[in-house]
Amino acid sequence: MNDAATPTPKDPPRYDFAAAEPRWQAEWDRRACFAVPDVPPADAKKYYVLEMFPYPSGKIHMGHVRNYTLGDVVARYKRARGHLVMHPMGWDAFGLPAENAARERGIHPGKWTWDNIANMRAELQRMGLSLEWAREFATCDAAYYGKQQKLFLDFWKAGLVERKESWVNWDPVDGTVLANEQVIDGRGWRSGALVEKKKLSQWFLGITKYAPDLLAALDGLDRWPERVKLMQANWIGRSEGARVRFRLTDAKAAGLDEVEVFTTRPDTLFGMSFLAVAAEHPLAAAAAARDPNAAEFVAECRRMGTSEAAIEQAEKRGYDTGFRVAHPFLPGISFPVWIANFVLMEYGTGAIFGCPGHDQRDMDFARKYGLSVLPVVLPPGEDPATFTLGDVAYTDDGKIFNSDFLNGLDVPTAKRRVIEKLEEGGQGVGVVNWRLRDWGISRQRYWGCPIPVIHCDACGAVPVPEDQLPVVLPEDVDFSRPGNPLDHHPSWKHVACPSCGKPAVRETDTCDTFVDSSWYFARFCSPQAAEPVTRAAVDAWLPVDQYIGGIEHAILHLLYSRFFTRAMKATGHLQCEEPFAGLFTQGMVQHESYKSADGRWLYPEEVEISANADGTRSAVVKGSNEPAVIGRVEAMSKSKRNTVDPGAIIGKYGADTARWFILSDNPPERDMEWTESGVAGAFRFTQRIWRLAANAAPALPPPGTPAEGATGAARKLRQATHRTIAGVTEALENFAFNVAVARIHEFANAIGETDAAASAEGMGAARREALETLARLVAPMMPHLAEEVFSVLCPGAGKLVAEMEWPQADPDLLKAETVTLAVQVLGKLRATIEVAAGAPEAEIFALAEAEENVQRALGGKPVRKRIHVPGRVVNLVV
RNA sequence: GCCCGCCUGGCGGAACGGUAGACGCAGCGGACUUAAAAUCCGCAGCCCAUCGGGCGUGGGGGUUCGAGUCCCCCGGCGGGCACCA
C-alpha cells in the first residue's frame, strides 16, 4: 500500500500530447508503417479492415471519430497479431448536399466537394489513424466514376440492366424530382407544393435475379450481426403463395379480361368479399377513364408520394370502381373491385383479394365500407355454428369451414389443396413471390456519375463505346434554373449516335450514389488500375475481413454491395461473392441538449453545468447566468445544437484522449453519450499512464532483464500483467473495447500499488515487464501515448510499438492457486468460502455447511440436494 | 402501419444460466497546499439495522436447485422502409 501522505518526490513534466502526436504521426509516415502492396506475398496472412467511407460534408463529426477509432483499433491489433493489414480511406463524394450548396450559395458542387475533402482529410489525419493514404480516392473523380461506367456497360452486356418505367416524387411547382427526404408531409421542401407521383423511364439493375442467392447466402455470413441478416432476409421477402386470375364480369367496359392477384392465403379464397387494386393498376386507369370520381380518387392517391412509410401510415381509403370479378370456384358469385390506397403496385401484381375475416387490413377496410365478412378458418375450440368475428381478424391456424372442397382441412393443407385445384382449372398457379424490387438507379441530378448511354431516334438506347469512356460531367453548369442542369446544358448532351452517326442525345440522368459505394471496397485494392479492378489484387484482398459502419446501412448499402459483388463476378471482374466477411455495426453518438428559458436551443459551450449536492445537476447560460434547461440525450444534430466539434476536442485534449473516451464509454454497438466530464476523465488517465512510466523509468533495470522467477509481490504483479494480456486480448477479439479499457484501468491500479514494494525480489524486472506491456496493450487504442511511453522505457530501442507484435500471456501465470466460492441456500447467497483450486467436492460441501451463516439459513433441516459448479458456486437445497 | 433492435445504482456500463453493480464518470470524506489546481488514500444500489436481514437488472407471468441472461405478454425509447448518406 502507498503511504497516502507521501507526495511523489519529483513529478515528471506532463505528457505533451500536442508535441508528441504530430511527431509520432510523422514517424509512422516516414517508416510507411501502414503501406501494403496491391498483391500481397503468397505467405502473408492478409486482413482487410474497412470503415464505411464518409460523405464529405465539410467537417468530421463525432460519428466519424467513433467509426474510424473502432476500425483503427482493429487494424492496429490485427497488425500486431502478424497480419498484413490493408486499411484504406476515401470519399463518397457524389450526392445531393453539394447541389443544395450550389443552389443556396452559388458554389460549384465540385469545388464545394473538393474543398470539403481537403478539410476533412486534415482532420482525420490528426486522429492518428493507421491509414494508407496512398489508396485514397473520391467517387466524384472521373478516374473512379469512369470505371463505374465500364461496370455499367459490362452489366448491360450480361443482361443485368433494364429500362423500365417507374414512379417518382414530382414537385409540380419547381418542376423537379424530389428525394423522399425532400418530401415533408406530402409537400415539396422548397416550394411547399403538393407532391405528385410521376412516371418516368428509368434504368434498373437486375438485383432480383439474385434474390434467392442473396437470401440463401446470408446463412454463411457467420460474422454478421443476426439482426442485420434478419433485416435483409425480411427485405428480400421470400413468400410462398399463389397467383390467382379473376375474370371480370364486365370485360368489355374494363378493356381487360381478368385481374391477376398475388396472395399468401389462397386457403381463404372462400372468405373473399372484395378485390382491390393499386391506384397505378391498369384497371384503376380503366375505371378513371369512365368515372370522374374514380379519376379523382386515383389523382388523390398520386398525391401521396412514393415512400412506403407514407402510404402505409395514411388512412386506409378506397373507391368502388363498379367493376366486378367472378369467384374462381363459385359459379354465379361475383365481388366488387375497389381501388385502395394501401395496395402497392410494386408488390406482387398490384392487386389483392380481400378476406376480412383473416387479414386485419382487409377487416378494417371491410368495416369502413360495409363489406361482408365471412370467417373461413375456425379457431380451435370454437363452434362453427356460432362463431363470428368482430373487428379483429383471426390470422392463426385452425380448421377451414364455409369453404366447399377445403372444409375440414388445416391451413397448410388447404393452401396446397387450393393451389392444386387452381392449377387444374388453369385459374391460378402456386408461386414464390419476392418483396425485393429491381434497383432503379436513375437520378435526375447533376452531381453524380453519368449513365453512359446515348439515345438515338433510330437506334434506341446505345451504349457509349468503351474507348469514349469516361463520360465526364461538364464543369459549366447553371443552377439558377430548377431541374437537372445536365438536361438544359447547351451542348453537353448533343452527340452523334455511335451506331448510325446521326444526331443523338446523351442520357442526362446520373447514378444513384449507392452505386458509387457498392464497389469502392474493391477499387481500394488497386486504386490506380486502368480497369475497374485488377484481378490479382481483388482476388487476394477481398473479401473485406472486417467492415465497420452504422446500423442505418443494414439493408440498402450492404445489400447493393452484395449484389454488385455477384454482378462483378458474373462479368469476370473478381471471384468472390460476399464482399464483407465480418460486419460490425456501431451505435450513434449522442449528447445532452440544452435550451434557454425562452426555448432557444443552446450549444454545449454556451452553458455552464454545475453539480448539486444531491447528485443532480443544473445549468446556466454562460455570461448572462440565466437558468438553462438540461434536455434529453439525443443523437447529435445541427438543428438541436447538441454537437461537439472533434477538432476542438483534439486540440484541447489530444487525439488519444478522444479515442480513449469513445472506446471506454460503452459497448460500441450501442449509442454512446458524449460528455465533457468523460473526456476529462480520459485525459487524466493518459496523464496517469505517462506518470507511472516516467516516474518508474529511471529506477528500472535495463531493457531485456528477464522477469522469470519472481516471488511474492513481484509474482503477483506478473500475474496481473499476464491476466491483463489475456483479458485485453479476449476483449479486443470480441469488440468489447469498453471491457478492454476497464482491464487496463485495473492493471494501472495494480501497477500503482506496487510502488512501496519495489524492493521485493524480481520487482524491478516485473515492473519493467508490466509497464512495457501496458504500453503495448494500449497501443491500438492510444497509439501516440504508447509510442511515447515505450520510448521512455526503452530509449534508443530503434523500434516502434506500431511495428511490434502483440504480447503473449504465460499460461503458468494465469493459474489461480485458490478460488472463492459462493455458498447459496435455496439459491440465496449466505456465505463465501476460499478453497484450494481443485479441492475435492466432499471437502467443499463440508466447508460450506460448516459456515455459521449457512447453518442458520439451513435452520436444522436436512440437505436434500447439493449442487457444485466448480470455481463458481455451491447451492444447498433443503 | 410494417420489419429490426435496446431498457441494469445519480450516470456510462460489467457479469460461460452460477457472489448483480467489475471499471469509469459524477458525489462525499480525508491527505498534501497559505490557497487553489493537480495528485494520492478511502466511502458509496435502496430500505431496516448491531451481527445481520429484506428488496432490487422497464412492468407482469413462466421454466430452473439457481434468471440481468431462456420463454410468453405488456410498456417506453431508437434504427430502417427502396431518390439523405
Side-chain angles (χ1 to χ4, degrees), chain A residues 1-8 11 14 52 54-55 57 92 95-97 168-169 177-183 225-228 230-231 233-235 237 306-314 316 342 346 361 436-437 439-445 512-514 517 550-557 559-560 585 587-588 611-617 635 664-667 669-673 675 677-678 680-682 684-685 687-688 691 736 738-739 741-746 749 752 820-824 826-829 831-832 853 856 864-867 869 871-877:
Chain A
M1 274 297 146
N2 244 356
D3 181 356
T6 309
T8 317
D11 268 339
R14 309 200 85 201
M52 291 181 185
Y55 178 79
S57 57
D92 188 14
L96 269 183
V168 295
N169 296 309
V177 176
L178 297 178
N180 280 335
E181 72 155 14
Q182 297 173 322
V183 179
E226 282 304 318
R227 61 172 164 150
V228 173
L230 241 177
M231 283 191 261
N234 288 334
W235 186 262
T306 58
S307 99
E308 190 177 312
I311 292 166
E312 295 216 12
Q313 268 166 282
K316 309 283 172 284
F342 60 84
E346 291 83 8
R361 243 177 354 187
L436 184 67
R437 309 199 296 258
W439 175 14
I441 59 159
S442 295
R443 298 291 182 271
Q444 296 68 40
R445 317 205 183 282
D512 178 4
T513 56
F514 271 124
S517 55
I551 186 71
E552 67 274 18
H553 293 293
I555 297 174
L556 292 179
H557 162 59
L559 194 62
Y560 290 150
T585 54
M588 292 182 307
N612 306 326
D614 64 356
T616 61
R617 296 170 313 137
S664 67
D665 187 63
N666 68 350
E669 67 274 16
R670 286 202 215 165
D671 291 347
M672 75 165 285
E673 184 189 355
T675 60
S677 56
R684 285 199 297 273
F685 190 66
Q687 296 294 347
R688 177 142 188 254
R691 266 196 315 278
N738 57 323
V739 179
V741 166
R743 296 288 163 268
I744 286 169
H745 268 283
E746 287 167 341
N749 290 343
T820 307
L821 288 180
V823 182
Q824 300 176 335
L826 284 171
K828 278 193 184 294
L829 180 72
T832 58
N853 220 30
R856 188 168 32 235
R864 227 181 58 222
K865 193 169 170 188
R866 294 179 176 83
I867 292 149
V869 182
R872 293 283 175 180
V873 77
V874 170
N875 194 6
L876 306 172
V877 185

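Below, chain A is the first sequence line, B the second, and so on; all start at residue 1. All of these numbers come straight from a predicted model, not from anything done at the bench.
A search for side chain to side chain contact (heavy atoms under 4.5 Å, CB included) contacts involving P225(A) returns R227(A), V228(A), L583(A), T585(A), not counting sequence neighbours. Scored by the salt bridge (charged side-chain N to carboxylate O under 4.0 Å, His left out) test, D665(A) finds no partners at all (sequence neighbours excluded). Judged as a side chain to side chain contact (heavy atoms under 4.5 Å, CB included), and not counting sequence neighbours, the contacts of T820(A) are T832(A), E834(A). For Q182(A), the side-chain hydrogen bond (donor to acceptor under 3.5 Å, both in side chains) test picks out no residue, with sequence neighbours left out. Qualifying ring-ring contact (aromatic ring centres under 6.0 Å, His included) partners for Y55(A), counting only residues two or more places apart in sequence or in other chains: none. Partners of H557(A) by ring-ring contact (aromatic ring centres under 6.0 Å, His included), not counting sequence neighbours, listed by chain and number: Y547(A), H553(A). Every residue two or more places apart in sequence or in another chain was checked for a side-chain hydrogen bond (donor to acceptor under 3.5 Å, both in side chains) with R872(A), and none qualifies.
No contact: V228(A) has no heavy atom under 4.0 Å from any strand.
Of the candidate nucleotides A26(B), C40(B), A85(B), A85(B) has the atom nearest to the side chain of D92(A).
Nucleotide G75(B) forms a pair with C7(B), judged by Watson-Crick or G-U wobble geometry with both contacts under 3.5 Å. In this entry C40(B) has G30(B) as its Watson-Crick or G-U wobble partner, both defining distances falling under 3.5 Å.
Distances shown here put a side-chain N or O of R688(A) below 4.0 Å from the OP1 or OP2 atom of C40(B).
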If you restrict it to nitrogen or oxygen atoms, what contacts under 3.5 Å exist between nucleotides 19-22 of chain B and the protein, and what is each distance?
unit_1: A22(B); atom_1: O2'; unit_2: E746(A); atom_2: OE2; d: 2.7

Show each protein N/O and nucleotides 71-81 of chain B N/O combination with a separation under 3.5 Å, one pair to a line.
unit_1: G78(B); atom_1: OP1; unit_2: R632(A); atom_2: NH2; d: 2.8

